[in-house]
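For reference, the structure discussed in these notes is given below.
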Amino acid sequence: MSAGRPFRGCACFFTDNIFVGRFGLHVRYRDGPQLRRDHGRIEAEVQRRKQLIHQSVERRAIISKCYKPKHPEVYTLQDSFLAPEFLEIVRFCTSPGADLQGLLCYLESFSDKRIYRLPVFTEEFCQAFVDELENFEQSDMPKGRPNTMNNYGVLLNELGMDEPFLTPLRERFLQPITALLYPELGGACLDSHKAFVVKYSLHEDLDLSSHYDNAEVTLNVSLGKEFTEGNLYFGDFNQDPSPVPQYIEVEHVGGRGLLHRGGQIHGALPIASGERWNLIVWMRSSAIRNQLCPMCNRKPELVEAEGFGDGFTEALGGEVAQTVNLCALG
């Protein structure tokens with residue numbers, strides 16, 4: 001947690017960016033008459049969101065007590081899970097004099113959109129992790145889904161993976177990289193995250209509509225299995241749209257991850273065969289988002305949340321709220 005500060009959400013979670021799958025659109029909730037007039041299904045989604053915290057705490061307690069992992073070793077991050085090339089990148093980023101130009105020599109860059117591909121996990125880890133996820137999916141445990149756009153997948157905090165796996169991955173390994181790649185987005189002080197795994201197959205979710213993430217920086221790692229098509233596509237940065245957006249496609253490569261700005265408009269094309277699993281880590285900087293919520297573009301209206309919430313924090317008693325982006329200085 002952030003130096004004793006509890007993490008919070010923004011009240012816009014209950015009103016903004018509500019996905020209506022039938023139309024592939026995100027809409028804003030204003031009032032009951034608007035819901036009934038425009039999209040009758042939105043009211044149910046608003047109510048679902050209001051129950052999420054309570055339901056997630058309940059699910060995690062049941063899973064912790066009753067679920068027997070098939071691969072318990074994958075729940076605690078080990079250096080052996082990480083690709084040797086990834087460890088070399090981290091060593092460079094933590095060495096004296098490391099700079100952006102030197103880092104870019106290790107990464108695959110895509111156009112001018114600041115999207116980068118790098119090795120992250122070994123093939124052996126990916127196979128064991130997917131096998132564990134499939135074991136959980138086949139169990140009778142309660143399951144929360146990542147969001148309204150992904151109907152198949154696993155919330156990793158409910159599996160108890162935040163502290164032993166995801167927090168050290170973010171703090172020890174990813175933050176030295178993001179500090180050089182995205183300093184103005186708080187890349188040096190990403191103090192929380194939301195992590196989940198999404199699954200695509202022919203008879204389940206096929207694709208993902210265009211959207212941007214509730215994150216300063218996103219990591220998307222292809223875990224497998226065998227599949228064809230389903231490329232990611234990227235458009236404009238949501239804060240700097242162009243009259244005619246230019247899109248690029250990026251293929252998935254097993255064990256490799258894509259780092260991109262959370263505000264980069266993106267989606268996934270339909271897979272043609274097989275099954276695809278991806279690890280998604282939304283990384284957040286409270287120093288950045290406390291000033292402006294990326295989802296409603298307003299000063300965040302803080303509400304209680306569970307765990308890391310949506311990455312917002314509030315000043316402790318007698319403390320003056322931070323107004324300068326200290327992460328990007330120097």
Side-chain angles (χ1 to χ4, degrees), residues 24 82-83 85-86 89 100 103-123 125-126 129-130 146-147 149-150 152-153 169-170 173-174 177-178 180-182 185 187 190 193-202 204-242 244-283 294:
L82 303 171
E85 302 93 331
F86 179 70
I89 293 171
L100 176 60
L103 171 58
L104 293 180
C105 295
Y106 292 88
L107 308 179
E108 185 177 359
S109 303
F110 295 91
S111 74
D112 59 351
K113 298 182 185 292
R114 301 175 70 189
I115 302 165
Y116 307 100
R117 182 154 59 199
L118 70 168
V120 180
F121 297 121
T122 66
E123 181 180 355
F125 170 77
C126 290
F129 190 30
V130 170
N147 49 63
M149 300 182 73
N150 295 105
Y152 299 90
L169 178 65
R170 167 173 52 82
F173 298 101
L174 293 172
I177 300 171
T178 59
L180 294 176
L181 293 177
Y182 308 107
L185 297 177
L190 298 169
H193 61 262
K194 176 179 179 178
F196 50 93
V197 174
V198 293
K199 175 188 175 187
Y200 298 88
S201 69
L202 289 181
E204 297 176 346
D205 288 337
L206 283 174
D207 55 15
L208 185 63
S209 296
S210 181
H211 66 287
Y212 59 90
D213 299 336
N214 187 358
E216 274 63 69
V217 180
T218 294
L219 173 70
N220 182 334
V221 184
S222 178
L223 300 172
K225 303 167 62 178
E226 297 294 328
F227 59 91
T228 57
E229 304 297 336
N231 289 349
L232 296 173
Y233 61 87
F234 292 88
D236 289 339
F237 189 56
N238 72 320
Q239 295 179 8
D240 187 27
S242 61
V244 183
Q246 299 294 317
Y247 288 90
I248 64 168
E249 284 189 32
V250 181
E251 293 184 5
H252 300 274
V253 179
R256 292 179 177 261
L258 291 173
L259 281 169
H260 63 84
R261 295 173 293 179
Q264 197 80 44
I265 302 295
H266 62 285
L269 297 171
I271 66 167
S273 66
E275 186 175 293
R276 174 165 68 83
W277 293 78
N278 285 65
L279 168 66
I280 312 296
V281 185
W282 289 353
M283 294 178 282

> Using 30° and 60° as the class limits, which term best fits the ring planes of His211 and His266: parallel, tilted or perpendicular?
Replying inline: tilted
>> As an exercise, state the distance from CG of Leu82 to CG of Leu169, rounded to the nearest 0.5 Å.
In response: 7.0 Å
>> So Leu118 and Ile177, do their side chains get closer than 4.5 Å, heavy atoms only?
In response: yes
>> For Phe237, does the six-membered ring have the charged nitrogen or CZ of Arg261 within the cation-pi criterion, i.e. under 6.0 angstrom from the centroid and within 45° of the normal?
In response: yes
>> Could you measure the distance from the CG atom of Leu174 to the CG atom of Leu259? Nearest 0.5 Å is fine.
In response: 6.5 Å
>> For the OH atom of Tyr233 and the CG atom of Leu269, what is their distance to the nearest 0.5 Å?
In response: 6.5 Å
> Relative to the ring of Phe129, is the ring of Phe125 parallel (under 30°), tilted (30 to 60°) or perpendicular (over 60°)?
Replying inline: parallel
> Can you check whether Val250 reaches Asn231 side chain to side chain, under 4.5 Å on heavy atoms?
Replying inline: no
>> Counting C-beta onward and ignoring hydrogens, is there a side-chain heavy-atom pair between Ser109 and Leu104 closer than 4.5 Å?
In response: yes
> What distance do Ile271 atom CD1 and His252 atom NE2 have between them, rounded to the nearest 0.5 Å?
Replying inline: 9.5 Å
> For Ala268 and Leu232, which heavy atoms make the closest approach, and how far apart are they?
Replying inline: CB-CD2, 4.0 Å
>> Within the structure provided, determine whether Arg117 and Leu107 are in side-chain contact (heavy-atom separation under 4.5 Å).
In response: no
>> With rounding to the nearest 0.5 angstrom, report the CD1 to NZ distance, Ile248 to Lys113.
In response: 6.0 Å
>> Set out, in order, the CA-CA distance, both residues' side-chain angles and the distance that settles side chain to side chain donor-acceptor pair (under 3.5 Å) for Arg114 and His260, then state yes or no.
In response: CA-CA 6 Å; Arg114 301 175 70 189; His260 63 84; over 6 Å; no
> Side chains of Met283 and Glu216: closer than 4.5 Å at any heavy-atom pair?
Replying inline: no
> Parallel, tilted or perpendicular: which fits the ring planes of Phe196 and Trp282, with parallel below 30° and perpendicular above 60°?
Replying inline: perpendicular
>> In the structure I gave you, are the side-chain heavy atoms of Leu258 and Phe234 within less than 4.5 Å of one another anywhere?
In response: yes
> About how many Å separate OG of Ser201 and CH2 of Trp277, when rounded to the nearest 0.5 Å?
Replying inline: 9.0 Å
>> Please check if the number of heavy atoms outside Glu85 that lie under 6.0 Å from its CD is greater than 12.
In response: yes
